[in-house]
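All heavy atoms count here, side chains included; hydrogens, waters and symmetry mates do not. Numbers for residues simply follow the sequence, beginning at 1.
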Amino acid sequence: MKTTETIVNEYNRWLKNTAEDAYMQRELLAIQDDPNELAECFGPELAFGTSGLRGIMGPGPSRLNRYVVRRVTQGLADYINGQNLDAPSVVISYDSRLFSQEFAEEAARVLSGNDIKVWLFDVMTPVPILSYAIGRLTCDYGIMITASHHTGVFNGYKVYNHHGYQILSPEPEEILAATSKCDFFEGIKESEERILKLDQRITNDFISEVLAMTDGFPDGEAKAKLKLIYTPLNGTGNAIVRRALAQSGFRDVTVVPAQENPDPVFTTCKAPNPEKVAAYNEAFRLLDRDQADLIIATDPDCDRVGCALTHKGTKTCLTGNQIAVLMLDFLCLRKPPQEGQAIWRSIVSTPLADRIAAKYGLDVETTLTGFKYIGEKISKLLVAGETNRFYFGFEESNGFLMSPFVRDKDGVSSAVLIAEMAAWHKKEGRDLIDRLEEIREEYGNLIERTRSFTFKGLQGRETMTEIMRYFREEAVEAVGNAAVTSRRDYLVEDTGLPPANVLEYQMEDGSSMLIRPSGTEPKIKVYQYLVSAEAPVVHEINVLMKKFEEQSAK
């Protein structure tokens, strides 16, 4: 914990070293008489985490700003140059958030100043295209400036490896160690000599790959009859997704006007997350007006995708698990799996997909939470010459991949696939929810209940630790009154996966539950898959969490 004197000294150092930066001077002067803000902005440094940085934008080392970006990029450059790579190179992209382009350009200049070649996209570009570009350009690393689906006060800095997925341990720790040796103002090397701008050729090739995936799906007549509403949620998907849909044959696509172009504060959608029904408020108005069949939404960096529709008079936003089940079902119907192929899903995603996979002879492999782990599996398949084994990958948080040509979740190809399956099912006389009900009738029902419990501040972190200790040491035979038949501890047991702070329970009635702390937010996340809405574990977990919340508030 920094002392008040240390905080004030660091504040004054920032004030002195940013004298030529009018914006930063205004930000610093605005908080000079606010001890709470000074402590927030000049307390613990914003540290390089599991794949990079994410934080609230503002002044000081605890916020995300150009000086924090410069410092972490210098650390990354030192790390890269310490590997003795032959002519190292990095590709950089950015989303529509406040300062995203500026942060990307800062990172490019610092890398260039450290003798590292930089490919910089000339316009904001989605995550999946960055992942694709890393392989196409044979780059050693990639950087994406984005805070994904978080609110407009946030921005972030994600690092990708040469395979095209976000870096895995021990690289984050090694980059953090290199960054900790760097100062915010001294020793930062910069130039523009090795920066090359990327035009649209990479994007054009990416779209060609997407179109090749869905070649031979519904005919043109079925696509022409589908009426779509699309919202990029003021992000990078606008031009790319619309091009992909148009070139796939979808002609009746209306874009939500208020969410079409970049808006760094997300005026009409404070949390631009296609998992949340509130993200569809603007689109629902057009759905009613145009009597459209479906809404498709992508988040600001266009790696997540969601959809919503009106079914029997009720507006419904499908969950990531529901979309994944529909995608897998549709792919199996339209592109029957070959022997030896498999699907990959995160451990917290729906086991209902396993039942569909079993019917079609698909293997099922699980990974830890985070699409980078699926990307890692794809890369291992590539090395082994077995990429044909990959059939489909997904995680419950609206991340999907239908082809191993990229190593991250892809909102572009997923948007096209959702439209393709909606067109096909409409031709067959049903909508997506109709098909979900048919799937439940055939494979059995698993009701999903996902809850996040927030515990802020130092006391919150202690409470989260106590919660995991309780479930690990005390909730062994029962969760409240819900009897447990088996339990798996991913932190200490040999699960075939890297150790992770996750507990999985199988309940007496056939329901299952997983609990884990979030890796990026002060939250405990609980994932339940229930055989009935009255499963006792639902009530018991709510009672237990309420108890912990009350204890934390004292």
If I take atom [atom1] from residue [X] and atom [atom2] from residue [Y], how far apart are they, to the nearest 0.5 angstrom?
X	Y	atom1	atom2	result
T366	L497	OG1	CG	5.0 Å
Q32	L15	CD	CG	7.5 Å
Y527	I347	OH	CD1	9.0 Å
K372	Y160	NZ	OH	10.0 Å

For [X] and [Y], indicate whether the former's side chain and the latter's backbone hold a donor-acceptor pair under 3.5 Å.
X	Y	answer
N238	N261	no
S379	G375	yes
R71	C182	yes
Y11	G60	no
R97	S148	yes

For [X] and [Y], does a side-chain donor sit closer than 3.5 Å to a side-chain acceptor?
X	Y	value
N234	S96	no
E376	Y165	no
R304	N273	no
Y79	T179	no
S100	N155	yes
R345	N321	no
D21	Q25	no
S191	S112	yes
T450	E396	no
R13	N9	no
Q259	T231	yes
N204	R243	yes
Y94	E105	no
Y23	E102	no

Heavy-atom count check: over 12 atoms from other residues, nucleotides or ligands less than 6.0 Å from [X] [atom1]?
X	atom1	value
R469	CZ	yes
E20	CD	no
E474	CD	yes
E473	CD	yes

Check [X] against [Y] and note the closest heavy-atom contact, atom names and distance.
X	Y	answer
V479	M513	CG2-CE, 4.0 Å
F184	P61	CZ-CB, 3.5 Å
A104	L120	CB-CD1, 4.1 Å
L368	A500	CD2-CB, 3.7 Å
T298	P274	C-CG, 4.5 Å
C269	A279	SG-CA, 3.6 Å

Of F99, F103, F185, which meets ring pair (Phe, Tyr, Trp, His ring centres under 6.0 Å) against Y67?
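For Y67, the ring pair (Phe, Tyr, Trp, His ring centres under 6.0 Å) test succeeds with only one of F99, F103, F185, which is F185.
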Under a 4.5 Å cut-off applied to non-hydrogen side-chain atoms, are R63 and V68 in contact?
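They are not in side-chain contact.
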Check the angle between the aromatic planes of F405 and F206 and answer parallel, tilted or perpendicular using the 30° and 60° thresholds.
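The arrangement is tilted - the two ring planes meet at 30° to 60°.
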Do the rings of W14 and F42 sit parallel, tilted or perpendicular, given the 30° and 60° boundaries?
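Because their plane-to-plane angle is over 60°, the rings of W14 and F42 count as perpendicular.
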Determine, step by step, whether E466 and F455 satisfy the side-chain contact (heavy atoms from CB on, under 4.5 Å) criterion, reporting the C-alpha distance in whole Å, the side-chain angles of both residues, the deciding distance to 0.1 Å, and the verdict.
CA-CA 11 Å; E466 172 59 21; F455 303 90; over 6 Å; no
Side-chain ion pair, K409 and E395, N-O less than 4.0 Å
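Result for this pair is yes, salt bridge flagged.
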Taking only Lys NZ, Arg NE, NH1 and NH2, and the carboxylate oxygens of Asp or Glu, determine whether D78 and K181 approach each other closer than 4.0 Å.
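Not counted as a salt bridge, because no side-chain N and carboxylate O are separated by less than 4.0 Å.
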Using the side-chain contact (heavy atoms from CB on, under 4.5 Å) rule, take M124 and D95 through it: C-alpha gap first, then chi angles, then the decisive distance, then the call.
CA-CA 5 Å; M124 63 179 191; D95 71 4; 5.7 Å; no
Residue that, paired with F121, satisfies side chain to side chain contact (heavy atoms under 4.5 Å, CB included) out of I92, D199, V91, T236:
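In the set I92, D199, V91, T236, the residue that makes a side chain to side chain contact (heavy atoms under 4.5 Å, CB included) with F121 is V91.
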Evaluate the ring-ring contact (aromatic ring centres under 6.0 Å, His included) criterion for residues F548 and Y470: first the C-alpha distance (whole Å), next the side-chain angles of each, then the deciding distance (0.1 Å), finally the verdict.
CA-CA 10 Å; F548 280 114; Y470 171 83; 5.7 Å; yes
Trace of the salt bridge (charged side-chain N to carboxylate O under 4.0 Å, His left out) decision for R487 with E493:
CA-CA 10 Å; R487 191 190 71 159; E493 295 180 30; 5.5 Å; no
Full working for side chain to side chain donor-acceptor pair (under 3.5 Å) between N542 and R451:
CA-CA 9 Å; N542 289 336; R451 289 288 307 276; 2.9 Å; yes
